[in-house]
Each structure stands twice: as structure tokens, then as C-alpha cells.
4 protein chains.
Amino acid sequence: MSARREDTRRRLFHAAVSLIAEQGFGATSVDQIAERAGVAKGTVYYNFGGKTELFTALLAWGISRLAEEMRAAAEAAPSGTALTEVLRAELAFIGEHEAFARLLVSEAWQTNQAWYATVQQIRNEAISVIGAVLDTAARRGSVPATLDTGVASSALFGMVLTVALDWRTLQPERPMEEIHAILVQLAQGMVSR
Amino acid sequence: MSARREDTRRRLFHAAVSLIAEQGFGATSVDQIAERAGVAKGTVYYNFGGKTELFTALLAWGISRLAEEMRAAAEAAPSGTALTEVLRAELAFIGEHEAFARLLVSEAWQTNQAWYATVQQIRNEAISVIGAVLDTAARRGSVPATLDTGVASSALFGMVLTVALDWRTLQPERPMEEIHAILVQLAQGMVSR
Amino acid sequence: MSARREDTRRRLFHAAVSLIAEQGFGATSVDQIAERAGVAKGTVYYNFGGKTELFTALLAWGISRLAEEMRAAAEAAPSGTALTEVLRAELAFIGEHEAFARLLVSEAWQTNQAWYATVQQIRNEAISVIGAVLDTAARRGSVPATLDTGVASSALFGMVLTVALDWRTLQPERPMEEIHAILVQLAQGMVSR
Amino acid sequence: MSARREDTRRRLFHAAVSLIAEQGFGATSVDQIAERAGVAKGTVYYNFGGKTELFTALLAWGISRLAEEMRAAAEAAPSGTALTEVLRAELAFIGEHEAFARLLVSEAWQTNQAWYATVQQIRNEAISVIGAVLDTAARRGSVPATLDTGVASSALFGMVLTVALDWRTLQPERPMEEIHAILVQLAQGMVSR
DNA sequence: CATGAATGAGGCTTCATTCAT
DNA sequence: TATGAATGAAGCCTCATTCAT
């Protein structure tokens with residue numbers, strides 16, 4: 001793939017993320033995406049085949065990155081701090097990619113969508129990173145063995161997502177560390193014995 | 001307002017809720033709503049003024065009901081069980097109005113929408129019910145005085161929403177009480193001293 | 001016909017004239033007419049049968065009044081001043097019923113309209129008042145016998161209409177007498193020997 | 001702009017002029033315009049943005065042409081015949097573009113229209129051509145210095161318009177020269193000393 | 001590799017008219 | 001005599017997609 005094409009795809013990606021996050025998928029037109037990317041309309045089709053495909057690629061790319069950053073944080077964390085670091089990674093990702101996060105929330109729970117399977121599959125990747133951390137902790141005895149780690153990891157994921165978006169919406173001036181500290185406090189109570 | 005008109009509005013309301021929940025707002029046409037309600041298309045405009053207005057009314061109605069049921073649960077709860085009962089009310093509402101809940105999640109964090117203010121305002125109503133419960137508990141000393149109850153109530157609300165939708169999506173056969181028990185266990189740890 | 005009905009019809013008439021003059025026939029809805037008249041929509045149909053019929057009645061009524069006032073002015077005029085007085089009557093009518101005059105101009109030359117025949121017929125009534133004055137003057141020798149009085153009366157009618165509307169639009173502060181004086185000056189030159 | 005697009009725009013223009021002139025603006029649908037132009041409906045919007053914009057462009061184009069032809073006639077006229085030639089140009093234009101002329105009369109005095117400013121501005125262009133001729137004549141002493149040339153030019157413009165449309169409507173078999181001769185006779189009297 | 005003119009299905013909305021009360 | 005809820009045909013407009021260049 002040529003460097004030019006690579007660049008075009010990147011610009012389309014960026015334009016689409018920001019627009020869809022602002023307005024939603026349905027309200028965003030291919031015209032708008034092309035205009036914000038600075039290319040002609042046909043270029044969208046040449047590069048992605050269609051609006052839906054562009055969107056699916058977008059979601060997959062974004063959730064993969066989220067999962068990767070969470071996984072990297074878990075692996076790099078000093079012993080005993082994995083959960084803290086994973087939550088920080090999720091919070092930081094949302095803070096940095098607020099537009100994408102809104103997009104994810106808007107579309108992730110919509111059944112009857114072309115990309116539902118994609119979203120569900122990759123969302124589980126992210127959640128399973130948390131699940132793995134909890135399972136490890138359970139084996140070490142630092143969380144109750146009776147905890148349903150599947151539900152708990154989904155709960156943690158959703159809690160962070162909700163709090164993070166409320167943070168960006170209602171109190172964007174608060175530093176991330178402050179929010180992170182509260183989340184860690186809540187999470188520790190939730191899962192610690 | 002005549003009884004006939006009252007009835008027509010009710011039928012349009014029901015038709016719109018079910019359709020939008022199934023397909024989302026954008027994918028639902030006024031034609032479909034009118035057809036399912038058994039009226040002519042123009043009647044939608046005569047009664048609600050437009051698709052957006054109908055949808056705004058819909059959201060307001062639904063979120064109000066959610067907040068009311070949570071508030072009623074809090075007030076009726078025996079001493080010391082308020083949080084447990086409020087979470088049950090939220091979980092039950094989502095279980096019973098799954099379609100509406102998906103709709104709510106899809107639209108609640110979308111800025112630049114006509115109904116953003118409406119959603120935000122009434123969503124806060126629901127969250128503040130949890131906040132009030134936590135504040136009361138804080139005064140009684142059963143939760144740490146240092147807890148940021150604003151963030152905590154948002155966290156609890158989002159946790160329940162996420163878990164509930166995952167429950168309906170992935171494990172709908174599990175009884176609600178089982179999910180509720182896990183949530184209460186998580187919530188107790190989150191906020192108890 | 002009852003006094004109540006009479007009143008209702010009058011109010012509908014008035015509402016329709018002002019609205020149609022402001023916006024044109026096509027852009028004026030029955031809803032607007034009913035609202036400005038302070039009656040329900042159905043009342044329009046009860047009293048006039050339809051939008052077109054209301055409009056036709058409107059035009060007929062207005063042009064008849066214009067013709068009558070011009071004819072009355074001609075008959076009441078001292079010898080030799082008939083033309084002066086007829087033009088004054090036309091100018092005064094337009095000044096007083098500006099809305100109706102705009103309406104007349106907008107619709108009078110539109111072929112393919114339901115009311116075309118009505119308008120044409122009654123417009124000729126007005127023009128023929130001028131024609132009669134000119135014919136009388138021709139017999140008395142105060143206008144050239146070679147003058148085509150048919151064309152001349154149409155020219156005079158149109159001249160007054162155009163000037164009057166420009167007066168109301170562009171220089172409404174000028175007194176009518178001033179405009180009338182100019183028109184008489186022009187008209188005298190046009191037709192006098 | 002591509003040649004293809006240029007051609008499409010021209011065809012839409014012609015289709016719109018003929019249709020609107022036949023039926024009026026309100027009664028002409030975008031469907032009809034597209035069909036007569038031999039393009040798809042969307043093409044109207046791609047090229048003009050909407051029905052109103054197409055119409056505004058249309059009016060501007062037509063009135064400009066009228067003003068231009070009148071101005072050209074004034075400039076080309078042998079000394080002392082400017083008024084005669086300008087009136088002939090106006091009469092000829094109306095005779096050749098009867099449809100457009102009806103359209104102009106219908107819309108020119110309608111306040112509260114999107115294109116009101118456009119029409120008014122360019123209509124004044126046409127009238128001011130007559131005004132300039134009168135002013136020149138006044139300086140040469142061939143018309144009374146006391147004449148209000150502003151009102152007089154508006155009067156002449158309206159006179160010709162009225163007479164021309166009545167000619168086309170009621171006596172289309174009469175040759176233009178005959179009508180022109182009468183108009184000149186009337187106009188000479190109006191303004192000559 | 002990219003463009004942008006053109007398409008036409010499909011959506012939202014308006015509004016003259018009807019009719020049961 | 002008047003009302004106003006309901007209708008549905010008809011209109012305007014959007015937009016994902018195609019394709020010749």
C-alpha cells in the first residue's frame with residue numbers, strides 16, 4: 001500500500017471518528033466525512049467500499065487499541081497493582097479519545113446493526129483483560145474466590161466508562177488522577193476481600 | 001383534549017417505543033410508526049409536531065418513569081436496605097424495558113442532539129436518587145465520609161446499566177435475583193466502610 | 001343569513017386578504033386564515049366551501065369595490081374633471097387597501113388559474129370606467145379622436161397601479177396628493193390634444 | 001466547472017423557465033422540472049441547492065436580460081429617439097418572453113418572499129434605464145424640468161408592462177408596431193413639454 | 001489512486017379537505 | 001352554525017452509491 005493511500009485512509013479515519021462521535025452514525029453523511037478529510041466523496045468508496053465498512057473498520061481499530069493499551073498496562077504493572085493500572089489505562093484512553101468513546105457507547109449496545117458482532121467480540125477483548133487480572137488475583141487470594149469475575153469485569157468496565165464520560169461532560173477541569181483515585185477506591189472495595 | 005385524541009397519542013407512543021427500541025431512532029421511519037399505531041402518517045404530525053418531538057417526549061417519559069421507580073424503591077425500603085432496593089429497581093426496570101434501556105444508552109451520551117438537554121436532565125434525576133441514598137448513609141456513618149458521592153452514584157448507575165444489558169444480551173436465562181445479588185455484593189464493597 | 005354568520009364571514013375575509021397579500025395565495029394555508037380570523041378550520045369550509053372559492057369571492061368583492069368607487073367618482077365629478085377624479089379614486093383605493101392591491105397584481109395576470117376568468121372580467125369593469133370617461137371626452141373633443149381609448153385606459157390603469165405600489169413600497173411618507181398631482185400631470189399629457 | 005455540469009445547469013434552467021412561466025412558481029414541482037430537463041430529481045439539488053435558489057437565479061437572469069436590452073436600445077438610439085427605442089425594447093422583450101413577464105409581474109410586488117430583494121434590485125435597474133433617458137432629455141430641455149423623473153419612469157415601465165400583457169392576452173393578433181405606436185404617442189404626451 | 005457529477009430510493013413534512021360531534 | 005381530529009396525496013429534500021474520466 002502506497003504512502004499516499006495510507007495517508008488518505010488515516011485522514012478519513014480521523015474525520016469519521018470525530019464526526020460520528022459528535023453526531024452519531026446515522027446523522028453523519030459521507031459528504032461530511034470526505035469534506036473534513038479533505039478528499040473527494042468517491043475516495044471514501046475507493047478506500048473503504050462504503051459507509052458501513054468504514055464504520056466497522058473504525059470500531060474494530062478503536063476497540064483493539066483500547067484492549068491493547070489495557071493489556072500492556074496489566075503486563076507492565078508491578079505485582080499487586082495490575083487492576084489499578086488497567087483502570088488507569090481505560091480512563092486515560094477515554095480521556096484522550098473522548099470522541100471515540102462516545103461513539104462506542106452509542107453503538108455498542110444496539111442490536112440489529114451490521115457491526116454488532118464486531119463490536120461485541122472486541123468489546124469482550126477489553127473486558128477479558130480485566131477478567132484475567134481478577135482471575136489472577138483470585139488465585140493469589142487477594143479477591144474472594146466466590147466472586148463472579150465475569151460479571152465483575154463487565155461491571156468495572158461499565159463503571160469506568162460511565163464515570164469517565166460524566167467526567168469529560170460535567171467536570172472536564174478535574175485532573176485525571178483525581179478521578180482515577182476515586183475509581184480505584186471504588187474498585188478496591190468492589191472486589192477485595 | 002378529547003378522549004379520541006388521547007387514545008391516538010397513546011397508540012403512537014407505544015408504536016414508537018417498540019419500533020425505536022428495535023431499530024434505533026434513525027432507522028425508524030414515521031411511516032412505520034404510523035402503520036404500527038394504525039393511523040395515517042399525518043396524524044403523527046398533528047399530534048406531536050414531528051419525529052424529533054415525538055422522540056423527545058418518549059425519552060422524557062421513559063427516564064422519568066425510571067427515576068420514579070428508583071425513588072419509590074428508596075422510600076419504601078426498610079432502614080439500611082435503601083441502596084439494595086434502588087439497585088434492584090434499576091435492574092428490574094432495565095429487565096422489563098430492555099428496548100428502552102438500549103435506546104437510552106445509545107442516545108444519552110450523544111452531544112449535538114436535539115434531545116441532549118432532556119436526556120441529561122432526567123438522567124441526573126435518576127442518578128441523584130442514588131446520590132441521596134449515599135448521602136443519607138454517609139450521615140449515618142455507614143459509608144466513608146470521604147467518599148465522593150457524586151462520582152460514586154454515577155459509577156453505580158453505570159455499573160448497573162452495563163451489567164444489566166450484558167445480562168440480557170449474553171445470559172438472559174440467569175434469574176434476575178442472581179445478577180442482583182452480585183451487584184449488591186459489588187456495590188457494598190464499593191461504598192461501605 | 002344570521003348576524004353571527006355574517007360576522008364570521010367578514011372576519012375570514014379580512015384575515016384572508018391580509019395573509020394572501022403578505023405571502024401570496026399558494027403560501028397561505030387555511031390554518032393560518034382560520035387562526036387569524038379566530039375560528040376553527042372547519043368553519044372556512046362551512047362558509048366558503050374551500051380555499052379557492054374563498055379566494056375567488058375575495059377577488060370579486062375587492063375588484064367590484066374598486067370599480068364602484070371609480071364609477072362613483074366619475075359620476076360625481078364636476079364637468080371636465082372626471083379623469084382626475086377617477087385616477088384619484090383608484091390611487092386612494094390602493095392606498096387604503098394596499099394588501100389587496102398587491103394580491104391583485106400578483107394573481108391578475110396568471111393564466112391557468114381557477115379564478116382567471118373572474119379576475120379578468122371584473123378587472124375590465126374597472127378599466128372600462130376609465131374608458132367611458134375617455135370616450136365622453138373624445139366626443140367633447142378634449143382628447144384626440146384618433147386615440148385608441150381601449151389601450152389608453154388599460155395604460156392609465158396600469159400606470160396608476162404601478163406608481164401607487166411603488167409609492168407605498170419606496171416612499172410611503174409622501175402625501176397622496178403629491179403622487180396624485182404627478183399622475184394627473186402625466187395623464188393629461190398622455191391623452192389631451 | 002465541467003462542460004457536462006454546465007450543460008445540465010442550462011437544461012434545468014430552460015425547463016424551469018418554461019414550466020414556472022406556464023404554471024407559476026408554487027404550482028411547479030421539482031419533479032416536473034427534472035423530468036422536462038431529462039435528469040434525475042437529485043440533480044436539481046446537486047446543481048442549485050433547492051427550488052427557491054433555482055427560482056432566484058432564474059429571476060435574476062431574466063430581469064438582467066430585460067435591463068440589458070433596454071440599456072442597449074437606449075445607447076444605440078439616434079439622438080432624440082431614446083425613449084421610443086427603450087419602450088420598444090421593453091415591449092419586444094415582453095412579447096418574446098411573455099411567460100417570463102407574467103412570472104415577473106406575479107412575484108415582483110410580493111413582499112415576504114425569499115427573492116424579494118433580488119427582484120426589487122434588478123427591477124430598479126430596468127426602471128433606472130428609463131429614468132436616465134428622461135434625465136438626459138430634461139437637461140436638453142425636451143421634457144419639463146419640473147417633471148419627477150423617478151415617478152415618471154416607474155409610471156412608464158408599469159404602463160408598458162400592463163399594456164403589453166393585455167395585448168398578448170386580449171388581442172394577440174395585433175402587430176407589435178401598432179401597440180408600440182400607441183405607447184409612444186401616450187408616452188410623448190406624458191413627458192414632453 | 002482519486003475525482004465529482006449524477007442518480008433515485010426513501011424520508012420528513014405540509015396542507016386542503018372530510019366528517020363525526 | 002361551528003368545531004377540530006384525522007386523513008393521505010403530494011411535495012421538498014437528503015444521501016449512500018455508481019461510474020466515466
Side-chain angles (χ1 to χ4, degrees), chain A residues 1-9 26-34 38-47 49-54, chain B residues 1-9 12 26-34 37-52 54, chain C residues 1-9 26-34 38-47 49-54, chain D residues 1-9 12 26-34 38-54:
Chain A
M1 188 177 301
S2 76
R4 182 186 179 193
R5 182 162 188 188
E6 196 79 19
D7 180 57
T8 299
R9 290 175 66 99
T28 299
S29 69
V30 175
D31 265 298
Q32 289 174 337
I33 296 172
V39 301
K41 204 202 258 194
T43 306
V44 176
Y45 290 86
Y46 184 75
N47 280 282
K51 194 190 175 191
T52 301
E53 289 86 340
L54 169 56
Chain B
M1 187 173 307
S2 72
R4 184 183 181 197
R5 185 166 187 184
E6 198 85 25
D7 180 56
T8 299
R9 288 175 69 100
L12 280 169
T28 300
S29 71
V30 174
D31 269 291
Q32 291 172 335
I33 295 173
V39 300
K41 201 179 352 177
T43 304
V44 176
Y45 293 88
Y46 183 73
N47 280 284
F48 287 97
K51 195 189 174 192
T52 300
L54 171 54
Chain C
M1 188 176 303
S2 75
R4 180 186 179 195
R5 182 162 189 188
E6 195 78 19
D7 180 57
T8 299
R9 288 176 68 100
T28 298
S29 69
V30 175
D31 266 298
Q32 290 174 337
I33 296 173
V39 301
K41 205 201 253 194
T43 305
V44 176
Y45 290 86
Y46 183 76
N47 279 283
K51 194 188 174 193
T52 302
E53 289 87 338
L54 168 56
Chain D
M1 188 173 307
S2 73
R4 185 182 180 198
R5 185 166 189 185
E6 199 83 26
D7 179 56
T8 300
R9 290 175 68 99
L12 280 170
T28 299
S29 71
V30 174
D31 269 290
Q32 290 173 336
I33 296 173
V39 300
K41 201 183 346 181
T43 305
V44 176
Y45 293 89
Y46 184 74
N47 280 283
F48 287 96
K51 195 189 174 192
T52 301
E53 289 87 339
L54 171 55

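All chains are named by letter (A, B, ...) in the order of the sequence lines, taking the proteins before the strands, and each is independently numbered beginning at 1.
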Among all residues two or more places apart in sequence or in another chain, which pass the side-chain hydrogen bond (donor to acceptor under 3.5 Å, both in side chains) test with B/T43? none
side-chain hydrogen bond (donor to acceptor under 3.5 Å, both in side chains) partners for D/T8, two or more places apart: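 D/T8 satisfies side-chain hydrogen bond (donor to acceptor under 3.5 Å, both in side chains) with no other residue.
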Strand contacts (DNA chain E) in residues 38-46 of chain C, 4.0 angstrom heavy-atom criterion: C/K41, C/Y45
For B/K41 and B/A34, work out which heavy atoms get closest and say how close. CA-CB, 3.8 Å
Non-hydrogen atoms of A/N47 and A/R5 that approach each other most closely: OD1-NE, 3.0 Å
Length of the line joining [X]:[atom1] and [N]:[atom2], which is rounded to integer Å:
{"X": "D/E6", "N": "E/dG4", "atom1": "CD", "atom2": "C1'", "answer": "15 Å"}
{"X": "D/L54", "N": "F/dC13", "atom1": "CG", "atom2": "C1'", "answer": "14 Å"}
{"X": "D/K51", "N": "F/dG11", "atom1": "NZ", "atom2": "C1'", "answer": "8 Å"}
{"X": "B/R5", "N": "F/dA6", "atom1": "CZ", "atom2": "C1'", "answer": "10 Å"}
{"X": "A/E53", "N": "F/dA16", "atom1": "CD", "atom2": "P", "answer": "12 Å"}
{"X": "D/D31", "N": "F/dC12", "atom1": "CG", "atom2": "P", "answer": "7 Å"}
{"X": "D/R4", "N": "E/dA5", "atom1": "CZ", "atom2": "C1'", "answer": "6 Å"}
{"X": "A/N47", "N": "E/dT3", "atom1": "CG", "atom2": "C1'", "answer": "12 Å"}

Among E/dA5, E/dA2, F/dA16, the nucleotide that comes nearest once only the side chain of A/V30 is considered: F/dA16
Nearest-nucleotide 5' precedence on DNA chain F, B/T8 against D/G50: B/T8
Scan D/T52 against the nucleic acid and name what it touches under 4.0 Å (heavy atoms): base, sugar-phosphate only, or nothing. nothing
B/S2 side chain N/O closer than 4.0 Å to the phosphate oxygens (OP1, OP2) of F/dG4? no
Between C/G26 and B/S29, whichever has its closest DNA chain E nucleotide further toward 5' is B/S29
Can you list the residues that meet the salt bridge (Lys or Arg N to Asp or Glu O under 4.0 Å) rule with C/K51, with sequence neighbours excluded? none
Consecutive Watson-Crick or G-U pairs in runs of at least 3, all under 3.5 Å, in which DNA chain F is involved: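 If one scans DNA chain F for consecutive Watson-Crick or G-U pairs, the stems found are E:2-21 with F:2-21.
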With sequence neighbours excluded, residues passing side-chain contact (heavy atoms from CB on, under 4.5 Å) with A/E53: none
